[in-house]
Amino acid sequence: MTARKRYWLMKSEPDAFSIDDLEKVGTEPWNGVRNYQARNFMRSMQVGDGVLFYHSNCKEPGIVGTATVSSAAYPDETQFDPKSDYHDPKSTREDPRWSLVDVAFERKLTRTITLDEIKQHADALGDGFALIQRGNRLSVLPVTAAQWKFLLALE
DNA sequence: GCCAACGTTGGC
DNA sequence: GCCAACGTTGGC
């Protein structure tokens, strides 16, 4: 039995990993997430779920493309690697603390749907769109089917 | 580069 | 279990 397709927004700093990088490699393990809430969202993802690819911490923050979840959650290898920036000495192979999913490139948007523009549509998006909630820093967050449709219609 | 917001850590 | 200190995120 397959659950109904769900939707997510995932942030990445384009200097570190951009939508162009994803297009080049095709599929990428979404490593380095070290926030429990974000991790829990990834653990609940299913193959085929839709992803809005968001560029953060850059000149023009916003949604730049779409991707799909292409694996179930599995342990993030970087947590075990002492040489990695994402190394977590408190995590063990027996009981891994951090998980990730693979994300597959779908398409680039013809233009960036900017954060500024998204904020202007806060009413239409409804309360609780985590991206534009005050002070929110979550790097992985859920998007409803209605929000997905609305946001992509702005393109 | 600044800084507000927020999560985590660790002393007590 | 409180909370101050600290580190990180991310818009500006």
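Values below: every heavy atom of this structure, side chains too, minus hydrogens, waters and symmetry copies. Lettering of chains follows the sequences in order, A, B, ..., and the numbering in each one begins at 1.
When rounded to the nearest whole Å, the span between CZ of A:R137 and P of C:dT8 equals 11 Å. One atom, OH of A:Y36, and another, P of B:dG7, lie 13 Å apart when rounded to the nearest Å. Distance A:D88 CG to C:dT8 P: 13 Å, rounded to the nearest Å. A straight line from CD of A:Q133 to P of C:dG10 spans 14 Å, rounded to a whole angstrom.
Ion pairing between A:R111 and A:E155 fails under the 4.0 Å rule for side-chain N and carboxylate O.
The side chain of A:R97 sits closest to B:dT9 out of C:dT9, C:dG11, B:dT9. Here the side chain of A:K90 is nearest to one of C:dC12, B:dG7, B:dT9, namely B:dT9.
Of the two residues contacting DNA chain B, namely A:N136 and A:N57, the nearest-nucleotide position lying further toward the 5' end is that of A:N57.
Among the heavy atoms of the strands lying under 4.0 Å from A:K119 are primed sugar atoms or P, OP1, OP2 only; no base atom is included. Nucleic acid contact class of A:L138 (heavy atoms, under 4.0 Å, all strands): sugar-phosphate only.
Side chain of A:D49 to backbone of A:Q46: a donor-acceptor contact under 3.5 angstrom is found. Counting only distance, with no hydrogens or angles, the side chain of A:E28 and the backbone of A:D102 share no donor-acceptor pair below 3.5 Å.
At a cut-off of 3.5 angstrom, the base of C:dT8 holds no donor-acceptor pair with the side chain of A:R34.
The one candidate from A:D76, A:D88, A:D85 that meets the salt bridge (Lys or Arg N to Asp or Glu O under 4.0 Å) condition with A:R34 is A:D76.
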